[in-house]
> 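One structure, pasted below without further comment.
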Amino acid sequence: MPTPWWFYDAKESYRRAQINEAKQQRGADAVVTRAIANVRARMDGTDAFPIGTLPDGSELKVTPRIVGMPSMVFGASGKGKTRLIHVLMAGFAHGGDGRLQLVDPKGETFLLEAAYLAARYVRTPDHERAAFLARVHVLDATDTAVTPLNLFDRRGGQLETGFLANMRAAATRQASAHDFSDLMEFAVSILYAVIIELGFPLTYRLVERVFTDEAFRLRVLVPKIADPMLRTTLEHFETVIPGQTRLAVIRQFAKLLATRAVRVGLGLSPSMVRSLVPAKTPDIVLANCAVSQHAPVTVAREQAIQRILDILLEATVRPEKRRELLVIEELPVLLREKSNLADFILEASRTLRWKGLSLLACAQDPANALPSEMLRTLLLNLHWIAGFQCSKEEAAWFSPYLPVSAADAKLPEGERKARFLRDALNLPRQTFYFHFKGEAVVRVETANVLAPSGLVSGVNEDALLDLFRREIASTSMVSIAAAEAQLAAWEADVLDHGAIAPVTGQPTATRTRSVADLLAQLKKDGGQP
Amino acid sequence: MNSAIAIILRALGIAMLYVLAAPTYLVRAIVKLVRSAPARRAIQTGTIQCPHCGETCDLDVKSTCPRCHRTELGNRLRCNCGFATKSFDCDYCGVTIDVL
């Protein structure tokens, strides 16, 4: 044995090692405790509500103001995202005058919120129920009823026809699962502009007539259109939009308007919506944009995108600032590729903060599902993120901001990071990492939430959902049969009648079918080609 | 008889050699003892100052033996399995410190 070990006392060494380990643990705890205390202090306020438990056993509370900041919740399926979103939404709604908007292309969060709303409705005294219903607006579809989306409402003339038409057409293109050329989008925007300008409903027969019936365009549409540019476009429609494109657009609408619910939901004109659905100024708007028999995948996606667009446009034109939280489930499903519309949504969600609108995005695998440029913009604009069990790419967003304890500081940075990424990949259910920009990352266990059926004794969740559809959602929906009758009456009145109406006076303009026609026209007018 | 004398003489010779060599071993032992004094002090106190960054590192910690992979509380330079090393990496600057 080498000389120094002659005097080695194994028992004493063991005792000292115990002391040193305890000391190290205390040091590590001190770093983490300080980080937790800072986060807790930053999130807390008089109106704060708990969202989970911190590693030291204390509650992490956040104020509705924090919830109302641009944020993202992500992670693997079934790990607790929906529960956290419910807690955040409930806290935000409880906070006071804010408006809550949920757009759910998955349907899961919608159903959960629907059950909770039904439970609250049951507990509301009879004399307050009417006021409760006036505060809730539901976008959904059943076999017999559907909520009209009212896509072509200019909001009391506050939105320009061209702007609204272009945005709606971009949304139609974004939602489409097929190749959609710029020309097709342009053709759709002209169709939408006509609909907006004339206050028409969107029906398949109208689409067909606009794109194939020249006499209808010139005799029925053009004389009624005030916008000279749109009028000129319609007069030279066949030159501007080639035949193949027109047919492709008709095919797109044939697919889009395939179900009765969609025909009514997308089709009703603003005046029809006003006559069928009572006006509301809701605080809670739930949009169920899940795939169903009433809405195939592209239609469901279109409904979700159009709904988001609606919310952003409404915020754009409203004169006053109003606290509003837009919760978008499965954001990457909706914005799967870079487009002008995606840019608008991301930009608006950032710039509309001055109007009080904030975005809470939810995603399953945002690092891989969203285009990198879009993801970068999104992350840059977010104030906080919460990540459940997630991939290495997403966990890497947290790792630079982890509180480094004295014990961890001894490890090389690479090893520390690798250990954290492994940990994030294996996070247990209902546990997430929370990062508020400027503070350290903390690990949180989500708060236990009482199931909706637990709020009302003797009523199960199915009964609550049934009550929701019957009593709450129905106040926002129209009967499909009644709406179809209105649409049929309009078609008979305008399409059938209007098409055969005699032409009075001269045509509004000589039609130009090609460049040669244009040159001939110029020569005739005495101009030089 | 002769053989008995020869054995005794051989033993005396060896003993004489040991006696003659003893001062040398003594000197070597003293030198070793003096030279190992810092290491001995480190082992006895359980801490060593890093000659590079000046931070004090604990020798008695929870560590894992690279040979038997047992994690135990005790001196980080040796394990009950018999494994012993002469150096370790500083906890603060990461540079290797030669203890023995």
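Residue numbers start from 1 in every chain, and the chains themselves are labelled A, B, ... in the order their sequence lines are given, proteins ahead of strands. Both backbone and side-chain heavy atoms feed into the values below; hydrogens, waters and symmetry mates do not.
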> Within this structure, what is the CD-NZ distance for the pair A:Gln18 and B:Lys62, rounded to the nearest 0.5 Å?
11.5 Å

> Between the side chain of A:Asn20 and the main-chain N/O of B:Asp60, is any donor-acceptor distance below 3.5 Å?
yes

> Do the non-hydrogen side-chain atoms of A:Tyr14 and B:Glu72 ever get within less than 4.5 Å of each other?
no

> Counting only non-hydrogen atoms closer than 4.5 Å, does B:Thr47 touch chain A with its backbone (N, CA, C, O), its side chain (CB onward), both, or neither?
neither

> Can you see which heavy atom on B:Ile43 is nearest to which on A:Arg16, and at what distance?
O-NH2, 3.1 Å

> Between atom OG1 of B:Thr45 and atom CD of A:Glu12, what is the distance when rounded to the nearest 0.5 Å?
10.5 Å

> Should we say atom NZ of A:Lys437 is surrounded by more than 12 heavy atoms from elsewhere, each under 6.0 Å from it?
yes

> Does CG in A:Asn448 sit with more than 12 non-hydrogen atoms of other residues, nucleotides or ligands closer than 6.0 Å?
no

> Can you confirm whether more than 12 heavy atoms, excluding those of B:Asn80, are under 6.0 Å from its CG atom?
no

> Counting heavy atoms not belonging to A:Tyr8, are there more than 12 under 6.0 Å from its OH?
yes

> Looking at OG of A:Ser13 and CZ of B:Arg78, how far apart are the two atoms once the value is rounded to the nearest 0.5 Å?
9.0 Å

